[in-house]
Every structure is written in structure tokens, then in C-alpha cells.
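Residue numbers begin at 1 in each chain, while the letters A, B, ... track the order of the sequences. Because the structure is a prediction, the values reported are computed rather than measured.
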2 protein chains.
Amino acid sequence: MELQLVNERRRGPYAAKRLSEFAARCRRGGLAVTPQRLAIIKALLGSGEHPRADAIFAAVRIQHPHISLATVHRTLETLCDIGEARKVTTLHDSARYDGNMIPHHHVVCVKCRRIRDIEIPRLDRILAGQSELGEFTVLGSSLEIQALCEDCAAKRANRTRKPRR
Amino acid sequence: MELQLVNERRRGPYAAKRLSEFAARCRRGGLAVTPQRLAIIKALLGSGEHPRADAIFAAVRIQHPHISLATVHRTLETLCDIGEARKVTTLHDSARYDGNMIPHHHVVCVKCRRIRDIEIPRLDRILAGQSELGEFTVLGSSLEIQALCEDCAAKRANRTRKPRR
DNA sequence: AACCAGATGATAATTATTATCACCTAGGTG
DNA sequence: CACCTAGGTGATAATAATTATCATCTGGTT
Ligand SMILES: [Mn+2]
Ligand SMILES: [Mn+2]
Ligand SMILES: [Zn+2]
Ligand SMILES: [Zn+2]
């Protein structure tokens with residue numbers, strides 16, 4: 001088995017661990033531990049959807065009705081800066097974020113934009129050795145697989161099939 | 001040698017071939033062959049920069065001073081639709097396009113956003129066998145390596161180094 | 001308790017992209 | 001080779017995401 005989807009169940013414990021370390025990491029990075037930041041990282045870690053800023057905004061708003069959308073954007077960028085989150089996907093619309101910093105890759109449905117994590121140990125092995133690439137110093141990498149999910153494939157099949165008279 | 005940059009010289013002949021087939025491909029796709037489309041695909045194939053819509057716009061304007069920016073956006077999307085171009089990069093700002101449809105991957109400088117093509121035959125071999133991935137039907141894939149180019153690495157080193165008194 | 005660098009909220013500005021729509025033209029048709 | 005028409009284009013407005021601004025607030029330190 002070359003490629004394999006990542007099991008969703010692993011997220012719980014991972015999120016708990018990350019959250020417990022978050023305050024310490026902020027301080028290490030010289031960042032204040034604010035309720036907004038906590039709420040945002042919590043929402044991000046709690047989601048496997050690779051959410052956009054507006055989805056995080058909606059989630060966080062429940063507990064923090066006064067939070068500003070600008071704060072959500074800023075904070076997500078900040079989280080990326082300090083290595084607590086990363087941006088994801090090439091199917092270019094709005095930015096999608098990912099709280100999972102364990103190196104992994106993605107399948108994206110080109111139709112509905114659903115994203116699932118995947119692991120490709122053999123690819124990681126290939127990349128592990130590379131720290132230089134011509135004039136470039138390698139920092140990281142990610143593979144994105146463009147695909148069609150079950151639902152969208154079904155819908156497309158329906159649309160294509162001639163309507164029965 | 002696992003990963004290898006793609007030689008820039010190959011682009012010339014490739015572009016010429018693609019351009020010569022372009023009209024036929026448009027017709028096959030039911031698209032009119034307009035001077036605007038020709039100018040846009042030509043500009044795209046002529047560039048190794050993975051340009052944005054505005055750069056294509058600027059290039060095309062020289063010969064077609066009346067062309068509209070909206071047409072450039074529309075046409076680039078259309079080219080992607082019919083498989084004559086593709087979008088590129090995750091470092092999320094504006095869309096970058098690529099006329100090179102030979103399967104390949106990219107290194108992106110996280111600082112200046114310069115993009116270079118790379119080939120990873122072993123990765124392609126790994127992916128070639130995969131047409132299904134759980135509930136997903138694989139359509140394509142691309143690896144993006146985040147890196148720092150020589151110039152930006154140098155600048156960063158300067159900035160980091162304490163100024164001599 | 002007092003201080004202040006940095007964080008936030010509210011809002012405006014910017015920027016990329018898409019939608020609209022009147023006019024135009026590529027590429028059939030007779 | 002004159003029409004015809006579906007689809008393409010230019011001009012412009014609308015939308016949507018992100019970023020900038022700035023007055024106010026607060027976490028963390030003294
Ligand atoms: Mn992920
Ligand atoms: Mn390329
Ligand atoms: Zn889907
Ligand atoms: Zn650079």
C-alpha cells in the first residue's frame with residue numbers, strides 16, 4: 001500500500017497535546033497568550049476540515065461574540081509564522097489552514113474542495129535526504145492530490161447520464 | 001540524485017509544439033480561436049515565470065492594446081478547463097499559472113515567490129499506480145517544495161547578522 | 001498597583017477575481 | 001462570398017478576501 005489516508009481518530013489526542021503546550025510555545029515566541037488566540041488555535045485543532053478564516057470566525061464567535069474577523073485573519077497568519085499552523089491547497093480560492101503540523105499530504109476534491117490528509121512514507125523518505133535543490137534551500141514540502149470525492153463523482157455521473165425519457 | 005531541477009532550455013521547442021497544436025485543440029474543445037486566446041497562450045508558453053494574470057495582461061497588451069484584463073482572467077481559466085494550463089502554488093496570494101502540462105513539480109521561494117520546475121521521477125512512479133485513494137478518484141497531483149532561494153537566503157543572512165559598528 | 005509593548009475591535013482601503021451586458025466576430029450555412 | 005448566430009470580448013460594476021489603520025485595551029512584567 002503506497003498511499004494511505006490518515007485516520008481521523010488520531011486528531012483528538014494530538015489536539016489535546018498541542019493545546020496543552022500552546023501557552024508555553026507562545027511565550028517562547030514572545031507572543032501574549034490571549035483568550036482570542038486560545039480560542040482560535042482550539043477551533044483550528046478541533047477541526048479536521050482545513051477551515052477558512054470565516055469558519056474559524058464563526059466557531060470562535062460562539063464563545064467570544066465580540067471577536068473581530070480581522071483578529072482571526074491576523075491570528076491564523078501569526079500561528080503560521082510561529083509554526084503552529086500552515087496554509088493548505090493550490091485550488092486557488094480563499095486560504096485554507098491546517099493545524100496539523102505533523103508532516104503529511106492532502107487529497108482535495110476539485111469539485112467541492114473537501115480536503116483529507118494522507119500519508120506517503122515513501123515520499124517523505126525521498127524528501128528527507130534533500131536539504132538543497134540547486135540554488136534553493138529546502139524548508140518543507142507538501143503534495144496535493146487533485147481528486148474527485150465519492151459524492152461529487154456520483155453527481156457528475158448523474159449529470160452526464162442522459163435523463164431517461 | 002533524487003530530485004532534479006528542470007532545464008529551462010527545454011521550454012522553447014515545447015512551446016513551439018504546443019502553440020502549433022493550439023488552434024486544433026481549441027476546435028476540438030468547441031472553442032473559437034481568437035487573437036486574444038492566441039496571444040494569451042503564447043505569452044504563457046513563452047514564460048517560465050509561472051506568471052499571474054496581470055503579468056500576462058501586460059505582455060499581451062503590447063500587441064493588443066485593447067485587450068481587457070477580464071478577458072485575460074477568463075481565458076486563463078478557460079485554458080485550465082481545457083487542459084492547456086494549470087494553476088500553481090499554495091503560498092497563498094494571487095493565482096499563478098503554468099503553461100507546462102508535462103507532469104512536474106515546483107520549488108517555491110517562500111520569500112520572493114520565485115518558482116522553478118522540478119522533476120521527481122521516483123515520486124511520479126509512486127503516484128502512477130494510484131487511481132483510487134479511499135473514496136477519492138485521483139485526477140492528478142503536484143508537489144510543492146517550500147524553499148529559500150540563493151538571493152533571499154543571502155539577504156536574510158545579512159539582516160540577521162549584527163551590523164558591524 | 002502602575003506601566004507599556006503588543007493585541008484587539010471597528011472600520012476603511014486595497015486587491016484579486018467574477019459578474020454583467022451591450023457589442024463584436026469566428027466560423028459555419030446556403 | 002454575404003449572411004447568421006453562438007459564443008467571445010471590452011468596459012465597468014460588483015463581490016469577496018485580505019490587509020491597513022488607529023484608537024483603545026490588556027497580558028505580563030516591574
Ligand atoms: Mn491536513
Ligand atoms: Mn511549472
Ligand atoms: Zn467532492
Ligand atoms: Zn527568493
*Of all pairs that satisfy salt bridge (charged side-chain N to carboxylate O under 4.0 Å, His left out), the ones with a partner from residues 28-46 of chain A, not counting sequence neighbours*: none
*Once you round it to whole Å, what is the distance between P of C:dT17 and CD1 of B:Ile56?*
13 Å
*asked:* If you take any heavy atom closer than 4.0 Å to DNA chain D, which residues from residues 60-68 of chain B end up in contact?
replied: B:His66, B:Ile67, B:Ser68
_Going by side chain to side chain contact (heavy atoms under 4.5 Å, CB included), name the residues that satisfy it together with A:Ala23, two or more places apart in sequence or in a different chain._
A:Arg27, A:Val33
*Can you tell which of D:dT19, C:dT8, D:dT9 lies closest to the side chain of A:Arg74?*
C:dT8
*Does B:Val138 reach the side chain of B:Glu132, with side-chain heavy atoms less than 4.5 Å apart?*
no
_What is the distance, to the nearest angstrom, from the CD1 atom on A:Ile40 to the C1' atom on C:dG9?_
12 Å
*Can you tell me how far P of C:dT17 sits from CG of B:Leu76, to the nearest Å?*
10 Å
*Partner set under side chain to side chain donor-acceptor pair (under 3.5 Å) for B:Thr71, not counting sequence neighbours*: B:Arg74
*asked:* I'd like to know if A:Arg37 reaches the base of D:dG27 with its side chain, counting only an N/O donor and acceptor under 3.5 Å.
replied: no
_Interatomic distance, B:Phe57 CZ vs C:dT17 P [rounded to whole Å]_ = 13 Å
*Considering residues at least two apart in sequence or located in another chain, which fulfil the side chain to side chain donor-acceptor pair (under 3.5 Å) criterion with B:Asp81?*
none
*Rounded to 10 degrees, the angle between the two terminal axes of the helix from C:dA1-D:dT30 to C:dG30-D:dC1, each from five pairs*: 30°
*What pairs with A:Ala59 under side chain to side chain contact (heavy atoms under 4.5 Å, CB included), at least two apart in sequence or on another chain?*
A:Ala43
_Non-neighbouring partners of A:Asp124 that pass side chain to side chain donor-acceptor pair (under 3.5 Å), sequence neighbours left out_ = A:His105
*asked:* Nearest whole Å is fine: how far is D:dG7 C1' from B:Asp81 CG?
replied: 15 Å
*Side chain proximity check, B:Leu127 to A:Leu143, heavy atoms < 4.5 angstrom*: yes
*For residues 25-35 of chain A, which residues have at least one heavy atom under 4.0 Å from DNA chain C?*
A:Leu31, A:Ala32, A:Thr34
*Could you pull out all residues at least two apart from B:Ala58 that satisfy side chain to side chain contact (heavy atoms under 4.5 Å, CB included)?*
none
*Separation of B:Leu38 atom CG from C:dT25 atom C1', in whole Å?*
14 Å
_Length of the line joining A:Glu77:CD and D:dT19:P, which is rounded to integer Å_ = 5 Å
*Residues that B:Ala15 engages under side chain to side chain contact (heavy atoms under 4.5 Å, CB included), provided they are two or more places apart*: B:Leu45
_For A:Arg25, all residues meeting salt bridge (Lys or Arg N to Asp or Glu O under 4.0 Å), sequence neighbours excluded_ = A:Glu21, A:Glu84
_B:Gln36 vs B:Leu69, nearer the 5' end of DNA chain C by closest nucleotide_ = B:Leu69
